[in-house]
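Heads up, the thing below is written out as structure tokens.
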Amino acid sequence: MLFTSFDFIIFITLLFVMYYTVPKKYQWKLLLAFSYIFYFIAGPKFLFYILLTTGSTYVSGIKIGKLYEDQSLYLKANKELSREEKKAFKAKVKKRAWKWILGCLLLNFGILFFIKYINFTIANINWFIDRLNDRETLSFIDIALPLGISFYTFQTMGYIIDVYRGKYPPEKNFGKLALFVSFFPQLIQGPISRFDDLAKTLFRENSFNYNEFSFGLQRILWGYFKKLVIADRILVAVQTLIGDTAMYDGAYVFVLMVFYTVQLYCDFTGGIDITIGIAQILGIKVQENFIRPAFSKNIAEFWRRWHISLGTWFKEYLFYPLSIWKPMLNFSRFARSKFGDSIGKKLPVFLSAFVVWFITGAWHGASWNFIVWGLLNYIFLMGSEELKPFYSWFHSKFDVQGTLGFKLFQIARTNLLVSSIRLLDCYRDVPGTFKMVGSFFTKNNFNIFVDGSLLEIGLTSADYWVITGGLLLVLVVALIGRKGSVRELMAAKPVIVRRTAFYLLIMSILIFGAYGVGYESSQFIYNQF
Amino acid sequence: MKTLLSILKDLHPEIDFETHEQLIDKGVLDSFDIVTIAAEIDNEYGVSIPADAIVPENFNSAKALYALIERLEEEE
Amino acid sequence: MKKIISIFLTIAVGLGGFFSVQRLLVPKYTKGIVEGTLIEEYYPEAKNHDVIIIGDCEVYENISPITMWEEYGITSFIRGSAQQLIWQSYYLLEETLKYEKPEVVVFNVLALKYDQPQKEEYNRLTLDGMKFSATKLKAVNASMMPDENVLSYIFPLFRYHSRWSEVNSEDFENFFGKRQMFHNGYYMRADVKPVETVPSGRILPDYDFGDNAYKYLNMMVELCEENDIELVLIKAPSLYPYWYDEWEQQMEDYSRKKGLKYINYLELVDEIDLDFAVDTYDAGLHLNVTGAEKVAMHLGKVLSEEFDIEDRRSNQQIAAIWEKKVEFYNEMKKNQYEELEQYGYIKSLKGE
């Protein structure tokens with residue numbers, strides 16, 4: 001069920017009405033039922049996977065929780081134990097907990113790996129077999145990717161790691177854990193919520209609150225505006241440009257880069273707006289996933305503001321543990337003695353970041369273009385880390401830091417970098433992408449910007465006007481948003497202004513939205529991940 | 001404490017670590033800094049910081065960080 | 001109190017805005033595809049017809065109700081539209097019977113060739129003109145293609161919103177109401193394009209009409225029986241879409257089994273003096289006005305002689321209404337011939 005389908009809107013309306021009419025203690029159960037209906041509609045056979053993940057995580061969590069509980073009871077009952085004895089006991093418990101979590105992680109990441117990456121792995125193995133002139137290549141496995149598996153696996157594994165780390169006790173109610181795993185507004189494209197954060201509002205009894213409802217509804221509409229009016233409209237041109245690389249090279253590559261950035265931004269942030277808005281009208285708080293990423297001044301900042309929940313996940317559950325892992329630190333010590341302090345010190349960071357970005361790339365899709373994309377991010381990040389001395393030198397010579405012009409330059413540079421490497425995502429072919437980018441410098445067909453060629457790629461001048469107008473509105477809202485909530489600002493305006501704005505937003509979605517006959521219904525881009 | 005301050009100073013000479021109380025919240029230390037600090041502490045003090053100890057409360061000030069080191073030394 | 005007024009105003013303005021925009025954006029069909037207006041033109045009519053004709057373009061272009069009135073005093077109305085599928089015909093009949101009870105219903109059997117919904121655009125031409133009712137919803141439900149949604153029939157803005165960039169003077173001129181384009185559901189064309197070659201029918205994998213199509217034909221027969229109405233099946237004399245012998249056999253068998261009158265005008269071309277050099281405007285696909293009058297002459301005769309349809313010309317009230325229709329008809333015919341003479345094509349239908 002697409003967010004932009006009539007069915008989905010009916011689904012949400014039905015849920016909303018029932019949510020505030022059933023007795024409050026049944027609210028979360030209703031959410032669970034609707035989430036499973038949502039999942040069932042996507043494909044009944046996928047229920048098996050999500051239930052397996054939920055079940056295995058539930059059992060592991062309970063077991064680990066029990067171990068920790070017994071431990072504190074034992075320690076309390078045996079206060080006379082020496083420190084060493086206590087430590088030994090704790091270590092024993094930790095070891096047993098480790099078995100549970102290791103099993104849980106292996107099983108669930110194993111499922112994800114198998115379903116998502118098995119054919120990619122086979123393809124790569126076949127490449128080698130081919131090089132060895134062996135005819136016996138492996139055959140691919142026909143397997144469908146369950147809806148949202150990358151998202152719910154990460155979210156659930158975050159939960160079990162937190163339980164293992166003793167951050168919070170495990171959820172004892174299987175239904176509640178199942179709702180956390182399957183909560184449908186965020187199932188398709190995130191955010192990857194943390195259990196302790198989401199649980200605060202997900203399971204509580206929520207009363208209807210007009211302000212929350214109105215803010216949530218505005219957020220949903222804003223999401224639909226970005227998605228339907230801008231993203232889905234420009235999608236036609238993006239598909240045209242990707243579809244015929246022989247025809248659309250040179251300056252078109254630049255056009256594609258810009259259009260795809262616009263489309264991805266509006267599609268993804270719009271989708272998250274809808275997710276957060278739906279949760280909000282139900283009285284549930286889902287964490288933000290974006291903070292105006294287009295205003296980032298460098299790549300590191302960009303990744304702190306774009307798809308935040310994914311970045312946080314990787315940082316907390318992969319980057320930190322990996323970079324302060326004993327063998328890693330030992331290796332660092334070894335490197336210091338061999339190559340000197342400055343290199344040895346950086347090694348853990350460089351190595352861990354490499355792993356993180358390799359996996360981040362692969363998380364986005366099982367193909368080399370995504371992995372190369374991830375590694376290019378890594379190179380940019382490490383590059384700017386290494387260039388820090390140069391930056392300080394530059395700023396000591398030229399006093400431009402903090403000036404508007406320099407800030408705009410930084411923003412433009414960052415956007416250019418992140419957008420250009422996204423072309424890998426468009427062409428889905430690593431050498432092909434580099435060839436296309438190369439053609440930009442050699443082809444010299446910049447006259448397409450003035451000779452009307454841009455009206456031949458699926459967009460009319462009316463479409464360009466709508467897209468431009470829509471983007472201006474998005475820009476204005478983002479600029480205002482730096483100072484505070486746009487919705488609160490609106491709420492302070494006279495009622496006539498508010499209602500007019502509300503109607504204009506609805507009508508512009510209904511009229512200018514790219515939906516219905518004549519528009520291919522398009523999935524949210526992040527669905528496929 | 002002195003060793004710790006020199007580790008920190010090495011990373012960001014421009015910051016006064018003795019008084020700063022919001023190193024994470026204000027974005028002075030990024031994830032690379034944190035990992036470098038953890039490695040340095042391991043090197044200098046011989047205590048390893050577990051991943052679950054990497055939370056803002058422990059890294060927001062030099063004082064908090066030193067308290068963490070002491071706590072960990074205790075447990076070793 | 002103030003709050004109530006404010007809420008009331010908000011809702012009123014919201015609904016008003018929505019329906020105004022919707023009204024502006026739905027196609028008006030007064031130019032170009034003028035046949036899109038045929039279905040809705042039924043509603044303002046005086047509903048006391050003795051004969052209702054239902055079917056696709058093979059009825060609304062091939063039979064002239066005015067001729068049947070002038071020659072036999074038969075009052076008739078054509079409820080037909082482009083590629084009107086058989087379930088649409090059925091529900092249009094069901095709807096019509098809510099307004100009036102004719103003596104005879106005439107149905108053109110070509111639509112049996114389609115067993116499943118065909119094209120969203122054609123669905124629209126038939127269904128958008130229907131007034132909102134349970135019958136309309138049933139018709140929509142039977143007609144929708146897999147990716148269509150019933151909401152877009154209830155609120156056509158969802159379908160036509162992308163017309164915002166094509167809005168023109170036609171949309172504003174017809175915002176509050178349209179002028180009547182045709183009378184009695186007959187789409188008049190006076191131009192001529194003779195038949196040169198008749199393409200023969202492709203070989204089909206299966207010549208049996210589908211179960212779904214038969215289901216609605218059966219329902220139509222039952223509906224007429226329940227309402228004590230005589231059902232007449234016809235096949236209009238259009239040369240193509242090709243009418244296969246196998247199809248003809250099925251219709252002959254069916255009408256015999258059900259005891260229905262069945263007239264295949266393809267077999268009566270000589271008898272009714274139809275000349276495909278002059279009586280068609282698109283080389284045999286549809287008849288022009290001279291052809292439609294010839295078919296009407298014959299059909300009227302059958303209806304009055306075999307089905308005893310009363311001659312209403314002596315009824316003052318009805319005659320007064322039809323007098324205007326005849327006038328409109330003759331005026332339109334005259335105009336079309338003049339335009340043909342002057343421009344070589346019918347300018348008023350092109351909407352220039």
Side-chain angles (χ1 to χ4, degrees), chain A residues 83-84 86-87 90-91 94 161-168 298-301 303-305 311-312 314-337 341-342 344-353 356 381-382 384-386 388-389 392 395, chain B residues 2-17 22-62 64-76:
Chain A
R83 215 205 213 165
E84 275 67 38
K86 278 186 190 167
K87 244 177 88 176
K90 276 187 184 171
K94 201 85 196 174
I161 294 172
D162 281 351
V163 169
Y164 171 75
R165 287 178 176 178
K167 221 162 157 182
Y168 42 78
N298 57 58
I299 306 257
E301 188 188 353
W303 279 104
R304 285 195 296 271
R305 303 173 73 157
T312 316
F314 273 117
K315 204 164 70 184
E316 281 187 25
Y317 302 119
L318 187 59
F319 179 70
Y320 287 150
L322 192 61
S323 47
I324 57 178
W325 192 33
K326 266 274 178 239
M328 185 69 88
L329 292 178
N330 292 340
F331 179 64
S332 159
R333 215 168 285 138
F334 167 77
R336 276 176 194 225
S337 64
D341 262 11
S342 62
K345 223 155 84 178
K346 281 174 190 155
L347 261 178
V349 173
F350 273 56
L351 274 176
S352 316
V356 166
L381 282 166
M382 295 303 130
S384 58
E385 197 66 20
E386 288 306 292
K388 267 180 181 165
S392 341
H395 288 300
Chain B
K2 226 178 181 172
T3 334
L4 177 64
L5 282 174
S6 80
I7 293 173
L8 295 171
K9 211 85 207 160
D10 254 12
L11 283 168
H12 290 278
E14 74 284 2
I15 303 291
D16 177 12
F17 284 98
Q22 288 175 297
L23 293 172
I24 302 293
D25 299 343
K26 282 270 184 293
V28 176
L29 298 180
D30 63 17
S31 51
F32 290 174
D33 294 330
I34 289 170
V35 171
T36 314
I37 291 167
E40 287 290 288
I41 287 172
D42 180 74
N43 202 27
E44 302 288 337
Y45 292 86
V47 294
S48 54
I49 296 175
D52 52 6
I54 303 183
V55 289
E57 300 90 79
N58 287 336
F59 279 76
N60 255 335
S61 66
L65 198 50
Y66 193 70
L68 174 70
I69 296 169
E70 283 187 320
R71 215 162 51 240
L72 291 168
E73 276 181 327
E74 190 104 328
E75 277 178 28
E76 285 283 316

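First the proteins, then the strands, lettered A, B, ... as listed; each starts at 1.
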How long is the straight-line distance from CE of A:M328 back to OG of B:S48, given to the nearest 0.5 Å?
14.5 Å
Could you check whether atom CZ of A:F334 has more than 12 heavy atoms from other residues, nucleotides or ligands sitting under 6.0 Å from it?
no
Could you look at A:R333 and say if it's the side chain, the backbone, both or neither that has a heavy atom under 4.5 Å from chain B?
side chain
Segment of A:K167 engaging chain B (4.5 angstrom heavy-atom cut-off)
neither
So, for B:S31 and A:F319, which heavy atoms are closest and what is the spacing to 0.1 Å?
O-CE2, 3.7 Å
Most contact-rich option vs chain B, by heavy-atom pairs under 4.5 angstrom, among A:S323, A:P348, A:A300, is A:S323
Which heavy-atom pair separates A:I324 from B:A38 by the least distance, and what is that distance?
CG2-CB, 3.3 Å
First locate atom CG of B:D42, then atom CG of A:N330, and finally report the distance between them rounded to the nearest 0.5 Å.
7.5 Å
Interface residues of residues 52-60 of chain B facing chain A - non-hydrogen atoms under 4.5 Å apart:
B:D52, B:I54
Count the heavy atoms of every other residue, nucleotide or ligand shown that sit under 6.0 Å from NZ of A:K94, and state whether that count exceeds 12.
yes
Is chain B contacted by the side chain of A:K86, its backbone, both, or neither, given a heavy-atom distance below 4.5 Å?
neither
Spatial distance of atom OG (A:S332) from atom CG (B:N43) [nearest 0.5 Å]:
6.5 Å
So do A:V349 and B:T36 actually touch side chain to side chain, heavy atoms under 4.5 Å?
yes
Distance col, row A:E385:CD vs B:D33:CG, nearest 0.5 angstrom, shows 7.0 Å
